[in-house]
Amino acid sequence: MKDVLFQFKVFMKSGIGEEAYVPRVNLAKSPTRLTQQDMHDQAHILVVGAVESLLKSTCLDPSLIDIVIVNSGMFNPTPSLASILVHRFGMRTDVKSFHLSGMGCSASLISLDLARNLLVDSRTLSGFVRNLLGDSSRPGSRPRYALIASTECMSSFYNGHDRRMMLANVLFRAAGNAFLLSNRPQDKPRSKMELLHLVRVNTASRDEAYNAVMVQEDEENIFGAQLSPQLIDVATHAIKENVKKLAPKVLPLSELWKVGVSEVKRKVFKMKHVKSYVPNFKLAFDHFCIHPGSKAVIEGVGKSLGLSGYDLEPSLMALHRFGNTSCSGIWYELAYCEAKKRLKEGDKVWQLGLGSGFKCNSAVWRVLRPLNHEPLVEF
């Protein structure tokens with residue numbers, strides 16, 4: 001009973017609403033673990049369903065897709081989820097397929113980085129030569145379209161007594177999303193956004209960061225995900241490292257100058273009363289999509305970056321409506337911005353993903369055209 005009360009108290013403070021989705025089979029079969037078929041059925045709804053909606057909205061023939069990347073944290077079947085998509089949609093035999101696992105909540109931006117590198121490389125002279133030599137018989141053999149799908153399938157709830165592992169029961173929910181990338185200039189007029197920057201940081205060399213999120217058995221050999229009490233501190237450190245690399249790419253010189261002056265005063269002149277200057281990121285971005293790990297994570301990041309309630313609204317509302325949907329969370333936030341007609345032509349969006357490892361990834365997008373139609377996700 002004490003364990004149930006503990007989880008109830010955490011849930012009441014988590015910021016998650018009552019509509020966040022848990023598969024019916026998880027509740028019906030708990031505490032026993034789900035079968036492989038149960039997980040396949042869940043993945044089919046989340047991944048295949050998302051891709052079907054994407055292809056329908058873009059009117060793209062699956063045979064035109066050159067790259068397929070799927071990331072899933074907990075469910076890694078054989079054949080892979082990427083192969084399931086290739087089979088389901090009858091894609092070409094030469095499609096490049098990848099399945100990424102164990103990357104945690106920041107996996108979708110890792111997939112995005114992989115797709116970007118493949119698409120950009122294909123437009124360089126060396127990439128063109130490699131693709132030409134690899135398939136000179138097919139005109140236009142360079143990769144043009146990359147499909148990225150993300151999911152977090154839920155295994156059965158943790159039924160042990162380790163409170164660090166009970167947190168996953170409260171926070172995580174099932175979700176899936178898919179999006180399409182193109183490197184064809186002629187696709188720009190109908191594209192929603194353009195990727196400007198992508199910065200990745202992995203702090204796994206630090207013990208506390210490596211151990212922050214672990215999937216393992218407890219002392220009673222009961223399987224589950226363990227969240228460290230140091231998770232917030234670990235995430236804060238990872239964000240700082242990421243921001244150091246991102247800031248010079250996006251901030252105006254006036255803000256970079258203020259940062260530099262404060263650091264010189266602190267480190268060179270040893271002026272202990274001088275605090276590190278926190279730059280105004282609103283000068284660089286119009287919208288913020290912070291990983292919806294929990295209400296505490298969102299509000300903590302918002303406070304450290306000097307963001308307002310309006311800035312945090314997409315993250316808090318995505319958490320409330322869907323829960324911590326792992327790698328899909330930042331895309332639900334982007335859908336919220338679109339649903340509320342916040343995204344205007346020329347606006348810049350900062351997606352900040354956090355995940356086990358511990359990793360912090362940033363993606364910066366620019367809105368290319370007015371987005372007046374209804375998004376696929378409803379709030």
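For this chain, numbers begin at 1 and follow the sequence in order. Keep in mind that the numbers below use all heavy atoms, side chains included, and drop hydrogens, waters and symmetry copies. Since the structure is predicted, the reported quantities are computational estimates derived from the model, not experimental observations.
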Do [X] and [Y] have a side chain donor and acceptor closer than 3.5 Å?
X: Asp41; Y: Gln37; value: yes
X: His44; Y: Arg88; value: no
X: Trp365; Y: Glu194; value: no
X: Asp233; Y: Thr236; value: no
X: Glu263; Y: Tyr277; value: no
X: Asp187; Y: Tyr145; value: yes
X: Ser276; Y: Arg266; value: yes
X: Ser328; Y: Asn177; value: yes

Exercise: identify the closest heavy-atom pair between [X] and [Y]:
X: Val297; Y: His291; answer: CG1-O, 4.1 Å
X: Phe6; Y: Met166; answer: CD2-SD, 3.8 Å
X: Val213; Y: Ser356; answer: CB-CB, 3.7 Å
X: Gln226; Y: Gln216; answer: NE2-NE2, 3.3 Å
X: Ser150; Y: Asn71; answer: OG-OD1, 2.9 Å

So for atom [atom1], which belongs to [X], do other residues, nucleotides or ligands contribute more than 12 heavy atoms lying within a distance under 6.0 Å?
X: Phe11; atom1: CZ; value: yes
X: Gln186; atom1: CD; value: yes
X: Lys245; atom1: NZ; value: no
X: Leu5; atom1: CG; value: yes

Taking the side chain as every heavy atom from C-beta outward, state whether [X] and [Y] have any pair of such atoms under 4.5 Å apart.
X: Thr35; Y: Asp38; result: yes
X: Leu100; Y: Ser111; result: yes
X: Phe358; Y: Tyr210; result: no

Indicate yes or no for a side-chain donor-acceptor contact from His99 to the backbone of Val70 under 3.5 Å, with no hydrogens or angles considered.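 Absent.
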Sidechain-backbone polar pair: Ser304 side chain, Val301 backbone, donor-acceptor under 3.5 Å: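 Side chain of Ser304 to backbone of Val301: a pair is present.
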Inspect the contact between Asp311 and Lys282 and indicate whether a charged nitrogen and a carboxylate oxygen are less than 4.0 angstrom apart.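 Result for this pair is yes, salt bridge flagged.
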Does the distance from a Lys or Arg side-chain N to an Asp or Glu carboxylate O, for Lys192 and Glu338, drop under 4.0 Å?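 Yes, charged N to carboxylate O under 4.0 Å.
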